[in-house]
Amino acid sequence: MSLDEREALYDGVNTDGKFLRRPMSPHVEIYRFRLSMALSILNRISSVASAAGFGLAITWLGALAAGPKEYKRAQRVLNNPVGQLVMVSWSVATIYHFVAGIRHLIWDEGKRFEKKQIDEDGRVSVAVTSGLSVLLIGAVWALSRCRKTREQG
């Protein structure tokens with residue numbers, strides 16, 4: 001008779017001293033990969049990316065405060081395609097982390113815990129993140145184009 005991972009149990013006591021017997025967390029192979037799992041992983045990744053992006057923003061502000069030479073160097077980095085990709089990625093990560101945080105606040109209220117609701121909310125959070133990201137990036141792009149035409153004309 002082989003041990004089935006799904007039947008692995010934890011025996012212990014809770015804070016009141018009562019005996020507990022509950023299933024241990026099964027291995028990843030037991031679960032079917034779901035959107036909510038991917039979004040949970042992305043939420044953690046987006047928090048790190050957002051924090052790193054804010055570090056870059058502080059570096060940019062430091063260059064601005066340091067003078068025109070350092071600011072011009074920082075602008076060259078940001079105007080580079082790689083720099084622009086980093087800025088777009090930072091924007092999307094920050095927006096997603098914000099949207100996921102709202103989802104978590106709703107869960108903290110004890111609402112929307114059914115699997116169907118979680119799946120629906122996951123799709124909505126992806127759509128909201130996509131829409132807000134397109135709006136923000138489009139607005140920044142449009143403002144930069146207006147600025148460039150004003151400087152040229």
Side-chain angles (χ1 to χ4, degrees), residues 1-66 70-71 73-144:
M1 183 174 187
S2 66
L3 177 65
D4 186 356
E5 294 90 5
R6 291 175 286 193
E7 295 177 14
L9 299 173
Y10 167 76
D11 295 325
V13 293
N14 66 7
T15 56
D16 298 334
K18 293 181 182 175
F19 179 74
L20 292 174
R21 184 178 190 125
R22 63 178 184 220
M24 293 177 71
S25 294
H27 193 268
V28 174
E29 295 171 351
I30 302 298
Y31 291 117
R32 191 180 94 232
F33 196 74
R34 304 174 58 89
L35 176 64
S36 59
M37 295 168 117
L39 295 179
S40 176
I41 294 165
L42 282 175
N43 189 31
R44 286 161 176 79
I45 292 169
S46 70
S47 69
V48 173
S50 183
F54 280 111
L56 290 173
I58 290 169
T59 303
W60 178 82
L61 287 172
L64 179 63
E70 286 78 10
Y71 177 71
R73 184 181 308 149
Q75 283 301 97
R76 273 196 315 269
V77 170
L78 289 178
N79 289 331
N80 182 317
V82 174
Q84 290 179 348
L85 179 64
V86 168
M87 294 303 288
V88 167
S89 300
W90 172 43
S91 300
V92 173
T94 302
I95 290 169
Y96 176 70
H97 193 66
F98 177 75
V99 170
I102 292 171
R103 247 180 114 196
H104 281 269
L105 286 173
I106 292 168
W107 292 341
D108 288 346
E109 290 292 317
K111 298 175 181 164
R112 312 276 312 156
F113 276 123
E114 299 296 321
K115 281 185 181 182
K116 184 178 178 184
Q117 294 171 328
I118 289 172
D119 289 343
E120 288 170 358
D121 293 348
R123 287 189 292 276
V124 168
S125 69
V126 169
V128 168
T129 299
S130 300
L132 289 175
S133 296
V134 167
L135 282 173
L136 176 67
I137 293 163
V140 169
W141 180 81
L143 287 172
S144 71

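- Applying the salt bridge (Lys or Arg N to Asp or Glu O under 4.0 Å) definition to pairs two or more places apart or across chains, those involving residues 119-131 are Arg34-Asp119, Arg112-Glu120, Arg112-Asp121.
- Checked against side chain to side chain contact (heavy atoms under 4.5 Å, CB included), Ile102 has the following partners two or more places apart in sequence or in another chain: Phe98, Ile106.
- When the side chain to side chain contact (heavy atoms under 4.5 Å, CB included) test is applied to Val48, no partner is found at least two apart in sequence or on another chain.
- Applying the salt bridge (Lys or Arg N to Asp or Glu O under 4.0 Å) rule to Asp11 yields the partners Arg21; only residues at least two apart in sequence or on another chain are considered.
- Heavy-atom minimum distance, Ser133 versus Val92: OG-CG2, 3.6 Å.
- With hydrogens and angles disregarded, a donor-acceptor distance shorter than 3.5 Å links the side chain of Tyr96 to the backbone of Leu39.
- Although no hydrogens or angles enter the test, the distance criterion places no donor-acceptor pair under 3.5 Å between the side chain of Ser40 and the main chain of Met37.
- The closest side-chain heavy-atom distance from Arg76 to Arg73 is below 4.5 Å.
- Pairs passing the salt bridge (Lys or Arg N to Asp or Glu O under 4.0 Å) check and including a residue from residues 97-110, sequence neighbours excluded, do not occur.
- When the shell of 6.0 Å around CH2 of Trp141 is examined, it contains 12 or fewer heavy atoms from other residues, nucleotides or ligands.
- Judged by distance alone, with hydrogens and angles left aside, the side-chain atoms of Asn80 form a donor-acceptor pair with the main-chain N or O of Val82 at under 3.5 Å.
- For residues 47-61, the pairs satisfying side-chain hydrogen bond (donor to acceptor under 3.5 Å, both in side chains) are Ser50-Thr94, Trp60-Gln75, with sequence neighbours left out.
- Atom CG of Leu56 is separated from atom CG of Leu78 by 8.5 Å, given to the nearest 0.5 angstrom.
- Between Val88 and Ser91, the closest side-chain pair of non-hydrogen atoms is not below 4.5 Å.
- When all heavy atoms of Gly17 and Val13 are compared, the closest pair comes out as O-CG1, 4.0 Å.
- Put simply, the side chain of His104 reaches to within 4.5 Å of the side chain of Asn43, judged on heavy atoms.
- Ring geometry, Trp90 versus Phe54: the interplanar angle exceeds 60°, so the pair is classed perpendicular (tilted spans 30 to 60°).
- In this structure, Thr129 OG1 and Ile95 CD1 are separated by 7.5 Å, a value rounded to the nearest 0.5 Å.
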